[in-house]
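Structure first, commentary second.
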Amino acid sequence: MTPHDRRPHDGKPHDRWILRTENTTYAVALAGDGQWAELTAWGPHGVETGPSALDWSRRTHFITPADAAPAEYIPYGLRPFTGADLVAQRPGEERGVWWRFTDATEDGDRALRLVFTDELLGLTAALCYEAVPGTDVILRWTELTCTGDTELRLERFDSAAVNIPAEAGARLTCLTGQWAREFQLTQLELARGRFEMASTQGVPGHAYAPWLAVQDAASPAEGATPTYGIALEWSGNWHITADAEPGGAVRVRAGRLPHESAVRLASGATLTTPRLACAFSPDGLDGLARVWHRYERHLTGDRMDRPRKVLYNSWEATGFDVDAASQLELARIAADMGAELFVVDDGWFTGRPDDTGGLGDWHPDPASFPDGFDHFVSRVRDLGMDFGLWIEPEAISPNSALYAEHPEWVYRVEGRPATLVRNQLLLDLGRVDVQDFVLATLDRLLGDHDISYLKWDMNRPPTERGRPGAGPVERQDLDAAHVAGYLRVLDHLRTEHPHVTVEGCAGGGGRIEHATIARTDVVWPSDNTAPLDRLSIQYGYLHAHAPHTMSSWVTDSPGVFDPRPRSLAFRFVSSAAGVLGIGADIRTWPEERRAEAAEWIARYKEIREVIHHGEVGLLNTPADATCGVQYEEPGGGRVVVTAWNTGRLDGAPLVPGRPARLRLRGLDAAARYRDAASGQVYSGAHLVHSGLPFAWTERYDAELVVLVRQ
Ligand code: GLA
């Protein structure tokens, strides 16, 4: 960054700053006589020319000017009534910060750093901004430094706040759920009051994703509606608060939540908050999804170049009954069908006949692999497939050898019983010795065996979360330490084992956010693979996350979760909407089903680059009779459409000639598109205006259409 001194009180005032992304402008100005910065405009380029749309929000009495301001980041003290982003104090003294702007540095319109100082307290805060190249995302975070001799207690230290004009109230869209029902797109209107989502589970959790979209409730959710989104890059505890402010704006704050409820900032120390990604689209939730997809492709970086291989995972077929013979039988069939990667899930290691033991003792079970594990791996590889393994590095079974040797490595509270979840305990990955054990375990497994894929799972939250003997609890920050350990191990995998593809999983979709997405290749959104349930999970997921990260398996129907029958095509098209895998017990599949599966896999391989790199359009919803996803190849050469008939009656009889229609989005009206399978030619105008037809029948309930631009 090229520093340009911008001191408002040295004779040359400069109190307005502009950040620009590909298509958006974010404008910030000093206010309150230099006591805080506030947002003056956020939207398409040019939006900053004209009076701030948030100005009216301050016309209110009986509170302080700061309480009514669309402040970018403001401490309790200056903003005593309506919710502050920072609550700090010297231990034992009054809470509050009364700071002034002292400095700004900017790097053109790409990065900005605004510094505020409270000399009496001994605190400086740097509000940091960075426009992410090639996207419409601005990253925001805050750096807090204790400049005095006395340590500070921070009770709340959010990453950032964003202010959205919504005079009559906001429509909030969030992703909610529970285990096996993650990523349900959920909407509510906030006219007054506060809405809060949080996780104290040590991971983002299944209940809420650390993601929120905000729109003016007076506008429709889709179409040309200005839509704002935030996503917190943090793998641990977090909260997002949305307040309908007294003056009309909606103010959204997000940050991490320390397990100990506050942290101490020692003299001279700096705390850097997690980054908050802030996104804007003028095109509704669908447009916002595309902004997030582009951002996640940016996070993935040059690993976008790796084709995501079609995997077979044996978990639903064999559960804990893993042995070389059954796995090889599955592997042979999977290879014949065209799978490129074979992953052995849970159950491959010693002491793991069920979920009551074994975790921590990461050695292949000789009873399962009588000719040796390497012999087994090489037989899988001889079939032309890569080999992958499941592991749960943070987990430990009470009856494991690891626990006998290191009971002190587990989170615990002295004198209190340890709650078991799924019969297991959790390692304190914040400890460096535990991190070193995990690194050594992974290095050993990846060094000793020919493994090119790891599924990293995590199946329980920390309950009695303490570290006895580690000094005063108020000086601990266990959640941040665990996250740092987790990211250290993932970073190590990327640098030391770059050829290994990593899948992130936490009992399904319990740990999916940008820190994980940036360090893994795919994630597992949910354990629920039932066709119709999966459709709504994936529909929600794709609003926040990109298709190249979305691992999805074709499983048996009726399966573990859902008796409602859907065709094999339905299940294949659904999994092809992201990163295709197979999880069914294919040993039981008759020859013709295997042949049909092989055809789907071959078709998927031809178009997976379009799915993973293309611009997405989310067409209708799983609550509609027909819904789909459109993927437009960069350059527009091919458009792939995954489409499903959900089985809901739409009043039209399922007869050919009365087809259901799915309207595509954003195609060139004058261009001609040819359906590669049927030869039918459509104009772009027809596809957008009238829609792509599907003559569903009871058995024909899904399709994958490839349209080639002529
Ligand atoms: C978790 C994962 C599943 C599977 C099992 C194995 O539930 O989400 O995909 O790996 O653990 O125990």
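Ligands are counted one by one from 1 in listed order, and the atoms in each one are counted from 1 as well.
R511 forms a cation-pi arrangement with Y486, by the criterion of a distance under 6.0 Å to the ring centre and an angle within 45° of the ring axis.
Looking at S199, its side chain does come within 3.5 Å of a backbone N or O of V203 through a donor-acceptor pair. Within the 3.5 Å criterion, the main-chain N or O of W589 finds a donor-acceptor partner in the side chain of R594.
Protein residues having at least one heavy atom under 4.0 Å from any atom of ligand 1 are W315, D345, D346, W390, R422, K455, D457, N459, C505, G507, G508, W524, D527, listed by chain and number.
Electrostatic pairing of R256 and E513 does not count as a salt bridge here, judged by no charged N lying under 4.0 Å from a carboxylate O. A salt bridge between R381 and D450 is present, with a side-chain N of the basic residue lying under 4.0 Å from a carboxylate O of the acidic one.
Contact between T520 and R494 at its shortest, heavy atoms only, is N-NH1, 3.6 Å.
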